[in-house]
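Structure first, commentary second.
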Amino acid sequence: MKAIIFDIDGTLVESMAIDTELYFEAIRAVLGPVRVREDLRSYRHVTDSGILRQVVEDNRAPFDDAAAAAIQARFVESLEAHIRSCGPFPTIDGAIPFFEKIRSAADQHVAIATGGWRQSALLKLDSAGFDIDGVPLASSDDFPSRVDIMRYALARIGSDVESVTYFGDAEWDRHASDVLGWNFVAVGPDLGGITSYAGVEL
């Protein structure tokens, strides 16, 4: 059996740029004009909960569970407004047929491991037209560390597998795959990866 695990933003859905913009807008709407780092790679954990923790540390901002919930709610509301204004998030070419092919394969298990929060992840996937009913999804709600999120996604598959392949679009995805000893498939231009899932064989 093979495990095939996907990131979301920039990997299944064309959402990375607007996601990052609205995410930081939501943080500032709740915490005020806090400073954020220009390069996402400078954060210890490039995940929604991981970045938020460091923004709070960097700015010594007052923070509690209520503030965290308010930021998540504001972020989701902004994504919903974006969808109403601009339409559904587009998918990476061929992503849905490829995803469905894996879901129906007898010798493959599929899961999702995203650095985003679960609610926003589900919203983007639903907008783009992905059916993930029954598909394990691990997110930043589970752990701040991408490695831990990915490891948890594999654990949620609930079956012994001979190999694991992770599809991701960023350097932190590749690094986490290396740490875990997983196969890695780069998606998109930043890593010189695939631009279409058409013809991809596993």
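Atoms CG and CG, on L79 and D19 in that order, are 6.0 Å from each other to the nearest 0.5 Å. Once rounded to the nearest 0.5 Å, the distance linking NZ of K124 with CZ of F130 reads 12.5 Å. To the nearest 0.5 Å, the span separating CZ on R174 from CG on D169 amounts to 11.0 Å. Taking OG of S120 as the start and CD of E80 as the end, the distance is 10.5 Å to the nearest 0.5 Å. Between the CG atom of D58 and the OG atom of S42 there is a distance of 8.0 Å, given to the nearest 0.5 Å. The CG atom of D148 lies 7.5 Å from the NE2 atom of H45; values are rounded to the nearest 0.5 Å.
Between D7 and G168 the shortest heavy-atom distance is CB-CA, 4.1 Å. Taking both residues in full, the closest heavy atoms of G50 and T47 are given as N-OG1, 3.0 Å, listed atom of the first, atom of the second, then distance. Of all non-hydrogen atoms in S140 and S49, the two that sit nearest each other are OG-OG, 2.5 Å. S196 and V200 get closest at one heavy-atom pair: O-CG2, 3.8 Å. What you find for V13 and A128 is that their closest heavy atoms are CG2-CB, 4.0 Å. When all heavy atoms of V46 and Y43 are compared, the closest pair comes out as CG2-O, 4.0 Å.
Between V76 and W117, the closest side-chain pair of non-hydrogen atoms is not below 4.5 Å. F75 is not listed as a side-chain neighbour of V30, based on a closest heavy-atom distance of 4.5 Å or more. Side-chain contact between V36 and I51: absent, with no pair of heavy atoms (C-beta onward) separated by less than 4.5 Å. Contact check for L12 versus Y197: side-chain heavy atoms found under the 4.5 Å cut-off. The side-chain heavy atoms of E57 and R44, taken from C-beta on, include a pair separated by under 4.5 Å. You'll find the side chain of I112 reaches within 4.5 Å of the side chain of L125, heavy atoms only. Taking the side chain as every heavy atom from C-beta outward, L31 and V56 approach each other to under 4.5 Å. Residues L180 and L154 fail the side-chain proximity criterion, which asks for heavy atoms closer than 4.5 Å.
By the rule that hydrophobic residues join a cluster once side-chain heavy atoms approach within less than 4.5 Å of another member, F184 and V161 end up as members of one cluster. Two different hydrophobic clusters hold V147 and I149 under the rule that ILVMFWY side chains link at heavy-atom gaps under 4.5 Å. Under the 4.5 Å side-chain heavy-atom criterion for Ile, Leu, Val, Met, Phe, Trp and Tyr, V164 and W172 are members of distinct hydrophobic clusters. Residue M150 is grouped with residue I5 when hydrophobic side chains (ILVMFWY) are merged at heavy-atom distances under 4.5 angstrom, including chains of intermediate members. I132 and I157 fall into different hydrophobic clusters, defined by Ile, Leu, Val, Met, Phe, Trp and Tyr side-chain heavy atoms under 4.5 Å apart, directly or through other members.
The backbone N or O of N183 lies less than 3.5 Å from no partner atom in the side chain of T165, so there is not a single donor-acceptor pair. Side-chain atoms of Y166 come within 3.5 Å of backbone atoms of A113 as a donor-acceptor pair (strictly under, hydrogens ignored). No side-chain donor-acceptor contact under 3.5 Å links R156 to the backbone of P136. With hydrogens and angles disregarded, a donor-acceptor distance shorter than 3.5 Å links the side chain of D141 to the backbone of R118. Between the side chain of T20 and the backbone N or O of M16 there is at least one donor-acceptor pair closer than 3.5 Å. S104 contributes a side-chain N or O that, together with a main-chain N or O of E100, makes up a donor-acceptor pair within less than 3.5 Å. The backbone N or O of G116 lies less than 3.5 Å from no partner atom in the side chain of Y23, so there is not a single donor-acceptor pair. For the pair N59 (side chain) and R35 (backbone), a donor-acceptor distance under 3.5 Å is present. The backbone N or O of I4 sits nowhere less than 3.5 Å from a side-chain atom of Q108 that would complete a donor-acceptor pair. A donor-acceptor contact shorter than 3.5 Å is absent between the side chain of S163 and the backbone of K2.
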Does the pair I18 and E21 meet the rule for a side-chain contact (heavy atoms from CB on, under 4.5 Å), with working shown? CA-CA 5 Å; I18 190 65; E21 177 185 339; 3.8 Å; yes
Show, in sequence, the C-alpha distance, side-chain angles and deciding distance for I83 and L123, and conclude whether the side-chain contact (heavy atoms from CB on, under 4.5 Å) test is met. CA-CA 10 Å; I83 292 169; L123 174 63; 4.0 Å; yes
With side-chain contact (heavy atoms from CB on, under 4.5 Å) as the criterion, how do R103 and V135 come out once you've worked through the C-alpha distance, each side chain's angles and the decisive distance to 0.1 Å? CA-CA 8 Å; R103 283 188 70 189; V135 174; 3.8 Å; yes
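A salt bridge does not link R74 with E77: every distance from a Lys NZ or Arg NE/NH1/NH2 to an Asp or Glu carboxylate oxygen is 4.0 Å or more. Between D173 and R146, at least one side-chain nitrogen of the basic residue sits less than 4.0 Å from a carboxylate oxygen of the acidic one, meeting the salt-bridge criterion.
The number of heavy atoms from other shown groups lying within 6.0 Å of NE2 (H175) does not exceed 12. For D107, the CG atom counts as densely surrounded, since its 6.0 Å shell holds more than 12 non-hydrogen atoms of other residues, nucleotides or ligands. Annotation: D64, atom CG; neighbour count of heavy atoms from other residues, nucleotides and ligands within 6.0 Å is above 12.
Classified by interplanar angle (parallel below 30°, tilted 30° to 60°, perpendicular above 60°), the ring pair F99/F6 is tilted. The aromatic rings of Y152 and F143 sit perpendicular to each other, their planes meeting at more than 60°, with 30° as the lower class boundary.
Under the side-chain contact (heavy atoms from CB on, under 4.5 Å) rule, I71 has a single partner from D48, L52, V55, which is L52.
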